[in-house]
Amino acid sequence: MKNKVTVISHPLIQHKLTLMRKAETSTAKFRTLLKEISLLLAYEVTRDLPLKTETIKTPLATMEAPVLAPDKKLVIVSILRAGQGILDGMLELMPSARVGHIGLYRDPKTLIAIEYYFKVPHDVDKRDMLVVDPMLATGNSAAAAVTRLKLTNPVSLKFVCLLAAPEGIEHFHEQHPDVPIYTAAIDQQLDEHGYIVPGLGDAGDRLFGTR
Ligand SMILES: O=P(O)(O)OC[C@H]1O[C@H](OP(=O)(O)OP(=O)(O)O)[C@H](O)[C@@H]1O
Ligand SMILES: O=c1cc[nH]c(=O)[nH]1
Ligand SMILES: [Mg+2]
């Protein structure tokens, strides 16, 4: 499991990601695309969820049918703000998942992540945790979020994003070699302001139309 990065390179994801990257893509379209991609990411990220069987009756017969095994299943933690875009899509696929929020913003000068909000369900220690944020740039935000969330003792932890920079992957795995990263793409590098290049710009601003 050490230093594991999975690039989810499904053609539908790659096509939609290209549309998201385009500077002319509207806020409404950007939001819809992120939601659609998140459904596809969720499908891949939950591939190893354990199953058990239960006896059910179809209109024709009784059968042993697969259902998700644990009573307490997933908790999805959104890193505010932009994590909300992935959360929306994932909740459509997994409407019973519990949800946590961690509010972080990057100080524009130091690029250090500053926490301003934290709330997770009381029973996260019985749940598998997906931490979601579209962007892994320096990795400061994701690493700080996971450091904080590890204190809540989730059963397991995965980090899910849309775009990752090589620098961010390295920094994140220096601090959390045990936490796998799932991403739709790994871009070239960071620019001097800590933005992913070629990237898609500021995910939060594009999602909420704040710029
Ligand atoms: O890997 P890092 O260098 O930490 O950068 C990534 C972070 O930057 C963005 O959030 P931002 O700070 O812009 O906050 P916002 O979501 O409220 O816009 C993004 O959503 C990540 O949380
Ligand atoms: O490229 C980047 C880097 C950090 N945060 C973003 O939203 N985009
Ligand atoms: Mg932002």
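We count residues from 1, following the sequence as given. Indexing begins at 1, ligand by ligand and atom by atom, following the structure's order.
Counting only non-hydrogen atoms, the option in G204, S141, G139 that gets closest to atom 1 (O) of ligand 1 is G139.
Judged by the shortest distance from any of its heavy atoms, G201 lies inside the 4.0 Å radius around the atoms of ligand 2. Within the structure, ligand 2 lacks G199 among the residues with a heavy atom less than 4.0 angstrom away. Using a 4.0 Å cutoff on heavy atoms, R106 counts as a contact of ligand 2.
Under the 6.0 Å distance and 45° angle rule, R148 counts as a cation-pi partner of F118.
Residue contacts with ligand 1: R81 is placed with a nitrogen or oxygen under 3.5 Å of a nitrogen or oxygen of the ligand (distance criterion only). Between Y105 and ligand 1, no pair of N/O atoms sits closer than 3.5 Å. In terms of polar-atom proximity, defined here as any N/O pair under 3.5 Å, G194 makes no such contact with ligand 1. Residue A203 has at least one N or O atom closer than 3.5 Å to an N or O atom of ligand 2. Taking any N or O of L136, backbone or side chain, none lies under 3.5 Å from an N or O belonging to ligand 1.
Heavy-atom neighbours of K29 NZ from other residues, nucleotides or ligands within 6.0 Å: at or below the threshold of 12. The environment of NZ in K52 is crowded: more than 12 heavy-atom neighbours from other residues, nucleotides or ligands sit within 6.0 Å.
Residue contacts with ligand 1 for D133 involve side-chain atoms from C-beta outward but no N, CA, C or O (heavy atoms, distance under 4.0 Å).
Close contacts of ligand 2 with A137, meaning ligand atoms under 4.0 Å from a residue heavy atom, involve 3 (C), 4 (C).
Within the 3.5 Å criterion, the main-chain N or O of E36 finds no donor-acceptor partner in the side chain of K16.
Side-chain contact of R106 with T138: a donor-acceptor pair under 3.5 Å is absent, judged by distance alone.
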